[in-house]
Amino acid sequence: MMIDLLYMENPGGAYSAAHAAPAGAAGLEGENGPDAYTHALSIVAHDLRGPLANLAVLIEDIAESAAGEAQPRIARDARRADATLQQLNKLLGALLQRARHGRDPLSCNRSTFQLLPVLELAVAVNQPLARRRAIGFDCHASEALPVSGDQELLFEAFDNLLSNAVKHTRDGGTVRCEMEPAEDGGLYIRIADEGSGFTATDLARAFRPFTSLAPCAGTGMPSHGLGLWITRLIIERHGGRLNAHNRADGKGAVLTIWLPTLGTPKAPARPHPFHA
């Protein structure tokens, strides 16, 4: 099936991506021309970059810690390295399984689960690069209903957004991450950076593949324009929405995910901080 993409400007200056194809019918065919195999290779190449970069930093930290005999730091970094490796293995295993059966590499293997542990893991694997530039995380979550979806794909989506937020945040800045119930029974996940924000042109094309946006803040890391596109596809396959806008104070960008949840909405709970 072809995906008919509509890039729409919202009244508040935010942009979102939506598709006109029936739910569950959208595949990778027709996304700006290349076939599904080419897209799959692009997804693999992109999704390996973030975890491998974090591993490189962790290995360097472990070596420095060993030289100074800082045992607690060695243990902490080793745990983070192990978590990153495990998640990388899961992502590759799921992709290979889909490829064996000739399936869309972003098709969902659904289960029912709580989303907060997935978000916590995504924060954890992005901490090494953030720490190198003295970037902190300010994370809050409210009690939420379970979701039905693919844990590995949703981790991939969160990792993409958090990785982008770290790359675009100024040295010594803060990445903010919030998860809270929506009034309509869904769930919001908001990730905000402290960077230069989106230009009007960037907002209009942010969710298209192979679109390079504004330069990252002092990282020297090139952007191949795939992260937001991949994230948008994953969220849409879960029946959700992804939109982008600039912070009201003009000091960065905000990416907001809305996902459907299971069960009856409860009264809003007070957000509490969480740490990976």
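Residue indices begin at 1 and follow the sequence shown. Heavy atoms only: backbone and side chains are in, while hydrogens, waters and symmetry mates are out.
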If you measure only the distance, is there a donor-acceptor pair under 3.5 Å linking the side chains of T174 and D138?
no
Check: D184/W258 side-chain N/O donor and acceptor closer than 3.5 Å
yes
Could I get the full list of salt bridge (Lys or Arg N to Asp or Glu O under 4.0 Å) partners for R110, not counting sequence neighbours?
none
Determine the minimum heavy-atom distance between G240 and L259, stating which atoms define it.
CA-CD2, 4.3 Å
Sequence neighbours excluded, which residues qualify as side-chain contact (heavy atoms from CB on, under 4.5 Å) partners of R132?
V57, E60, D61
CD1 on I234 to CG on L153, rounded to 0.5 Å:
5.0 Å
If you compare all heavy atoms of I235 against all heavy atoms of A157, which two are closest, and at what distance to 0.1 Å?
CD1-CB, 4.1 Å
So how far is it from Y188 OH to I257 CD1, rounded to the nearest 0.5 Å?
12.5 Å
Show the numbers, then the answer: is there a salt bridge (Lys or Arg N to Asp or Glu O under 4.0 Å) between E236 and R241?
CA-CA 6 Å; E236 288 181 352; R241 303 186 297 270; over 6 Å; no
I191 and F158: which non-hydrogen atoms are nearest, and at how many Å?
CD1-O, 4.4 Å
Any Lys/Arg nitrogen of D249 or K251 sitting under 4.0 Å from an Asp/Glu carboxylate oxygen of the other?
no
Do you know the tightest heavy-atom contact between A141 and L116?
CB-CD1, 3.9 Å
hydrophobic_cluster_shared for V254 and L162, side chain cutoff 4.5 Å:
no
Decide whether N126 and D159 meet the rule of one side-chain donor and one side-chain acceptor closer than 3.5 Å.
yes
Are I189 and L255 packed together at the side-chain level, in the sense that at least one heavy-atom pair is separated by less than 4.5 angstrom?
no
Minimum heavy-atom separation for H238 and C108, please, with both atom names.
CE1-SG, 3.5 Å
Taking all non-hydrogen atoms of both residues, which atom of V147 and which atom of P260 are closest, and how far apart?
CG1-O, 3.7 Å
Between the side chains of E194 and R170, is the shortest nitrogen-to-carboxylate-oxygen separation below 4.0 Å, so that they form an ion pair?
yes
Q151: partners by side-chain contact (heavy atoms from CB on, under 4.5 Å), with sequence neighbours left out
S111, F113, V118
